Amino acid sequence: MSNTIGSSMTGPGFVNIDHVDIGFAVKGGRQKIVGDFSFAVAEGEVVCLIGHSGCGKTTLLNAIAGLLMPDAGAITCAGRPVTGPGPDRGVVFQNHSLLPWMTCFDNIHLGVQHIFGKTETRAQLTERTHQALAMVRLTEAAQKYPAEISGGMKQRVGIARALAMEPKVLLLDEPFGALDSLTRAHLQDELARIIRETHTTTIMVTHDIDEAVLLSDRVVMMGQESEGSLGGDLTVDLPRPRDRLVLANDPAYLRCRSRLLEFLHRRTVSGLRLVTAR
């Protein structure tokens, strides 16, 4: 079965996932996680991947990041094959992954120096780092260590570190999943603002229906490989900037939310039937 998603654009995408298979070695063979999966993301588009745990969202994101190679198929970014990690793709992980012995400034500056150190002066590298901190509104925390700031602030440093490299694509793997609801809502709004200002092509993994509808232009629904990896895609045709309080009673927002909820519920029931049958 071919799992192929198009988008509202014409022609090839800025990011293309072309008939990708990804699996992992298990005792007695290989377990396929993502099967014959295809979709395209337009330049500047924000796409969320949603689905139950184990359906391959993070696996697919890691493949786009170049952290693992697919067993079959191809992934391209800006017309170039993805053959490994690269500065054209900035990654924000579930865990902030900051170096605890470095300040917020130094955690960002380390990446900046690695990418731009041969072409920019020390003053330019410093200014680039300060600009990244200002973008996530953490200028005052520049000289603080990760242990001295909150979980939400750590994630903002992680986002700043990724954006400081001026990536063509921003990849986020449930960056707000471990945060309380109020902090998560604040950072969702901050991320929406940053994407709006930078126009960065963004692919984000989430379990949160409201987060997916609030942030994305399109939501790609993923199921277990055994039931067909593709659950469909949903265009979120809501004007930006988006106000969560206004959207709470917006009919278009509620329709999008209901569609995603229906998909997840249907997959839950299907999964329970499979388990019962076994």
Side-chain angles (χ1 to χ4, degrees), residues 7-9 13-15 39-50 57 61 89-92 94 96 108 130-141 150-221 233-261:
S7 75
S8 57
M9 64 188 178
F14 191 69
V15 178
F39 77 99
V41 181
E43 186 171 8
E45 189 177 23
V46 182
V47 171
C48 280
L49 306 178
I50 199 166
K57 302 184 301 298
L61 198 78
R89 284 150 288 133
V91 185
V92 180
Q94 293 180 28
H96 56 81
I108 298 170
H130 281 305
Q131 287 176 353
L133 281 165
M135 186 181 297
V136 296
R137 299 177 180 175
L138 281 178
T139 297
E140 294 181 359
S150 69
M153 292 170 75
K154 291 172 186 174
Q155 285 301 79
R156 283 155 68 188
V157 175
I159 293 170
R161 181 176 55 188
L163 290 172
M165 298 186 297
E166 296 186 356
K168 293 182 173 67
V169 180
L170 181 62
L171 304 171
L172 304 106
D173 186 7
E174 294 192 78
F176 313 136
L179 304 175
D180 65 88
S181 58
L182 289 177
T183 303
R184 186 187 307 126
H186 173 67
L187 290 188
Q188 288 167 351
D189 293 339
E190 286 293 290
L191 179 62
R193 174 186 62 81
I194 290 167
I195 293 172
R196 191 167 65 248
E197 291 175 357
T198 61
H199 307 289
T200 305
T201 305
T202 303
I203 304 174
M204 179 175 176
V205 167
T206 183
H207 280 103
D208 188 320
I209 289 174
D210 292 298
E211 182 171 82
V213 178
L214 180 70
L215 294 177
S216 64
D217 299 312
R218 192 159 51 97
V219 183
V220 173
M221 294 170 273
D233 75 337
L234 173 71
T235 298
V236 182
D237 190 15
L238 296 169
R240 296 182 185 274
R242 295 171 183 171
D243 184 321
R244 66 180 66 244
L245 296 179
V246 173
L247 288 177
N249 296 307
D250 184 286
Y253 173 84
L254 295 175
R255 281 195 297 272
C256 289
R257 192 180 188 282
S258 177
R259 173 69 183 90
L260 296 178
L261 186 62

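In this text the structure is predicted, and so the values were computed from the model without any measurement.
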[atom1] of [X] to [atom2] of [Y]: how many Å apart, nearest 0.5 Å?
| X | Y | atom1 | atom2 | answer |
| --- | --- | --- | --- | --- |
| L138 | I108 | CG | CD1 | 7.5 Å |
| R259 | L234 | CZ | CG | 7.0 Å |
| L261 | C256 | CG | SG | 12.5 Å |
| I50 | E211 | CD1 | CD | 8.5 Å |
| D233 | L49 | CG | CG | 11.0 Å |
| T139 | Q131 | OG1 | CD | 10.5 Å |

Query raised in the report: Is the backbone of G152 close enough, under 3.5 Å, to the side chain of R184 for a donor and an acceptor to pair up by distance?
Result: no
Query raised in the report: Between the main-chain N or O of M135 and the side-chain N or O of R193, is there a donor-acceptor pair closer than 3.5 Å?
Result: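 Pair found, side chain donor or acceptor close to backbone of M135.
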Within the 4.5 Å heavy-atom criterion, are [X] and [Y] side-chain neighbours or not?
| X | Y | answer |
| --- | --- | --- |
| L191 | M204 | yes |
| I203 | V220 | no |
| R242 | V236 | yes |
| F14 | E45 | no |
| V136 | V157 | no |

**Report entry** Qualifying residues under side chain to side chain contact (heavy atoms under 4.5 Å, CB included), relative to Q94, sequence neighbours excluded
**Finding:**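 Only T58, D173, E174 meet the side chain to side chain contact (heavy atoms under 4.5 Å, CB included) criterion with Q94.
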Requested in this report: Quick one: list whatever passes side chain to side chain contact (heavy atoms under 4.5 Å, CB included) with N249, sequence neighbours left out.
Outcome: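 Partners of N249 under the side chain to side chain contact (heavy atoms under 4.5 Å, CB included) test: none.
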Taking every non-hydrogen atom, the tightest pair across [X] and [Y]:
| X | Y | result |
| --- | --- | --- |
| M221 | L260 | SD-CD2, 3.6 Å |
| V92 | A162 | CG2-CB, 3.8 Å |
| L179 | G151 | CD2-C, 3.8 Å |
| A160 | A132 | CB-O, 3.5 Å |
| A42 | T201 | O-CG2, 3.6 Å |
| I195 | T202 | CD1-OG1, 3.7 Å |

Query - Salt bridge present between R156 and E190 (N-O < 4.0 angstrom) - result: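 Result for this pair is no, no salt bridge flagged.
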Query - E197 CD: over 12 foreign heavy atoms closer than 6.0 Å - result: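 Atom CD in E197 is packed in, count exceeds 12.
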Query raised in the report: Does atom CG of D237 have more than 12 heavy-atom neighbours from other groups under 6.0 Å away?
Result: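 Incorrect, the count does not exceed 12.
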Report task. List for me each residue that meets salt bridge (Lys or Arg N to Asp or Glu O under 4.0 Å) alongside D208, sequence neighbours excluded, and say none if there are none. Result -> none
Query - For H130, ring-ring contact (aromatic ring centres under 6.0 Å, His included) partners two or more places apart - result: F105
Report task. Under the side-chain hydrogen bond (donor to acceptor under 3.5 Å, both in side chains) rule, collect the residues that match up with R257, sequence neighbours excluded. Result ->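 For R257, the residues satisfying side-chain hydrogen bond (donor to acceptor under 3.5 Å, both in side chains) (neighbours in sequence not counted) are D210.
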Query raised in the report: With sequence neighbours excluded, what pairs up with R244 under the side-chain hydrogen bond (donor to acceptor under 3.5 Å, both in side chains) test?
Result: Q188, D189
